[in-house]
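These notes are about the structure you will find just below.
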Amino acid sequence: MISAARITGTGSYLPEKILTNKEMEQFLDTSDDWIYSRSGIRQRHIAAEGEFTCDLAEVAAREAIKSAGRRETDIDLIVVATTTADQVFPSTACLLQNRLGIHGCPAFDVQAVCAGFLYAMDVAYRYISTGASRCALVVGAETFSRILNWEDRSTCVLFGDGAGAVLVEAADTPGILSSHIHADGTYKDLLCVPVGVSTAYQQLLNGEAYTEMQGKEVFRWAVSALGDAVVEVLESNGIHQSEIDWLVPHQANIRIIKAIAKRLELSMDRVVVTIDQHGNTSAASVPLAFDVAVRDGRIKTGDKVIFEAFGGGFTWGSMLVQI
Ligand code: COA
């Protein structure tokens, strides 16, 4: 390893418009009680017409850069995790690079759905570790509302829009202690948008590219894979779960979050939970929750924090960070 990597800044953004469970009762056969008891969600934010993933990413990114005391021109790598890119190409990372007035550094998207931020962080960590980057901007941003069937109550109540960002910099001391990412395409049909540019371009043009999910099976898999992922991150660092200060989990379902906390024997007051406020924002969910807990002073310098996430693919991962 040439250099250690540290998170030096955080930022996040949620679109202005809030859609509550109560409001969803008006157009869907559902109830606030059903949604909240099954998922822990009370409301989600929805991007306005004409507001796109890169718009959300830009606000979060600028906040992260500012909180690190850096300037846009210090950045030498941009990785954006998103499932809902503004355009087929260029990548959202290139669009963001242009907005930020940065020229020449590598900029690309990674696509691992809800585990996307963990994948993007893994890339940044390895770029910095090998000396290929010294100041990386990592963003998770989604307008997931655009790939939901608003008549399908089993999926549309669970997701929302948002963005989170961090700056990762080369440092003398870590920082990021280890990163572990996984995928298993065997389960590609359990959580997916089954059409794309190559297979069904007309459906895309018609706005008929929707998220489909086998909820129960996804739930079972998420609990099992994330449980293994947190054990993996502990074992690879030779530390006991009692040494963990905070868990910042993917905000998909409060019952999944509680199951992982239980596996870690971590009391829920050491777990950052923001799902009630914005639902599942896919790649944005971990950096959003992390930013909230850093800004409100819960997560402090020196704390040991585990990130974990699970998504379509299946994809999943975990990371141990010392703040
Ligand atoms: N409002 C009211 N009822 C609903 C509903 C809604 N929004 N969505 C589904 N239902 C109904 C179902 O139709 C079903 O009715 P039925 O028994 O008459 O067929 C009933 O509620 C129970 O559905 P079920 O699927 O058994 O509920 P569940 O306890 O498994 O919870 C999820 C459903 C989706 C909340 C849960 O499976 C889950 O969270 N899965 C993981 C999802 C996830 O996190 N995905 C992202 C991973 S990145």
Side-chain angles (χ1 to χ4, degrees), residues 1 5 7 79-83 108-130 136 138-140 142 144 164 166 168 174-194 211-239 241 244 246-253 255-264 266 271 280-287 289-290 304-321:
M1 184 189 285
I7 296 176
V79 190
V80 175
T82 188
T83 317
F108 52 88
D109 291 358
V110 298
Q111 216 302 38
V113 207
C114 299
F117 180 71
L118 272 288
Y119 269 63
M121 285 294 281
D122 188 81
V123 171
Y125 169 53
R126 292 179 202 286
Y127 261 70
I128 288 177
S129 298
T130 57
V138 181
V139 183
E142 302 279 13
F144 220 85
V166 299
V168 185
I176 297 175
L177 300 173
S178 75
S179 172
H180 312 269
I181 55 172
H182 301 278
D184 191 340
T186 313
Y187 306 98
K188 63 186 174 50
D189 298 326
L190 296 183
L191 177 55
C192 62
V193 174
T211 300
E212 295 178 5
M213 182 175 68
Q214 306 293 322
K216 273 193 192 309
E217 286 180 68
V218 171
F219 188 99
R220 241 192 326 270
W221 252 95
V223 169
S224 159
L226 288 173
D228 291 348
V230 294
V231 169
E232 179 180 25
V233 83
L234 291 174
E235 283 181 357
S236 83
N237 288 280
I239 66 167
Q241 57 226 37
I244 297 303
W246 291 99
L247 173 66
V248 181
H250 173 42
Q251 310 285 317
N253 185 309
R255 293 182 296 147
I256 298 175
I257 293 172
K258 283 183 175 166
I260 305 309
K262 197 170 167 199
R263 180 106 182 237
L264 280 171
L266 203 63
V271 181
N280 183 349
T281 57
S282 190
S285 96
V286 170
F290 180 56
K304 283 199 175 75
V305 180
I306 290 181
F307 299 144
E308 47 88 330
F310 179 88
F314 290 143
T315 53
W316 65 97
S318 58
M319 174 174 266
L320 180 65
V321 174

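- Nearest heavy atom pair, residue Q241 against residue R263, reads NE2-O, 4.2 Å.
- At least one side-chain heavy atom of S179 sits less than 4.5 Å from a side-chain heavy atom of R126.
- Contact check for V168 versus Y125: no side-chain heavy atoms found under the 4.5 Å cut-off.
- L226 approaches G317 most closely through the heavy-atom pair CD2-O, 4.4 Å.
- Side-chain contact between T211 and F144 is present, with at least one heavy-atom pair separated by less than 4.5 Å.
- Of the residues I306, L266, V271, L247, the one that meets the side chain to side chain contact (heavy atoms under 4.5 Å, CB included) test with I260 is L247.
- L177 has its side chain within reach of K304: a pair of non-hydrogen atoms, C-beta onward, lies under 4.5 Å apart.
- Contact between A309 and H250 at its shortest, heavy atoms only, is CA-CB, 3.5 Å.
- For I128 against A136, the heavy-atom pair with the smallest separation is CD1-CB, 4.2 Å.
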_Could you walk me through whether D109 and T82 satisfy the side-chain hydrogen bond (donor to acceptor under 3.5 Å, both in side chains) test, starting with their C-alpha distance in whole Å, then the side-chain angles of each, then the deciding distance to 0.1 Å, before giving a yes or no?_
CA-CA 7 Å; D109 291 358; T82 188; over 6 Å; no
*Between S318 and H180, does a side-chain hydrogen bond (donor to acceptor under 3.5 Å, both in side chains) hold up when you go through it step by step?*
CA-CA 5 Å; S318 58; H180 312 269; 5.1 Å; no
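- Taking the six-membered ring where tryptophan is involved, the planes of W221 and F310 are essentially parallel, since the angle between them stays under 30° and well short of 60°.
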_Apply side-chain contact (heavy atoms from CB on, under 4.5 Å) to residues Y127 and V79 and explain how you reach the verdict._
CA-CA 11 Å; Y127 261 70; V79 190; over 6 Å; no
*Dump the intermediate steps for side-chain contact (heavy atoms from CB on, under 4.5 Å) on V218 and F314, then the final yes or no.*
CA-CA 9 Å; V218 171; F314 290 143; 4.2 Å; yes
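- Nearest heavy atom pair, residue G312 against residue L191, reads N-CD2, 3.6 Å.
- In this structure, C114 and N280 have side chains that are in contact, with non-hydrogen atoms separated by less than 4.5 Å.
- Rounding to the nearest 0.5 Å gives a distance of 10.5 Å between CD of E232 and CD1 of I181.
- Pairing each heavy atom of F117 with each of A81, the nearest pair is N-CB, 3.7 Å.
- Counting only heavy atoms from C-beta outward, the side chains of I239 and I244 approach each other to under 4.5 Å.
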*CA sep, side-chain torsions, deciding dist, call: N237, V233, side-chain contact (heavy atoms from CB on, under 4.5 Å)*: CA-CA 6 Å; N237 288 280; V233 83; 4.1 Å; yes
*Please report the C-alpha distance between T83 and E142 in whole Å, then the side-chain angles of each, then the deciding distance to 0.1 Å, and finally whether the side-chain hydrogen bond (donor to acceptor under 3.5 Å, both in side chains) criterion is met.*
CA-CA 7 Å; T83 317; E142 302 279 13; 2.9 Å; yes
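- The closest side-chain heavy-atom distance from E217 to Y187 is not below 4.5 Å.
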*asked:* side-chain contact (heavy atoms from CB on, under 4.5 Å) for I257 and Q251? Distances and angles first, verdict last.
replied: CA-CA 7 Å; I257 293 172; Q251 310 285 317; 3.8 Å; yes
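- The closest side-chain heavy-atom distance from W316 to D228 is not below 4.5 Å.
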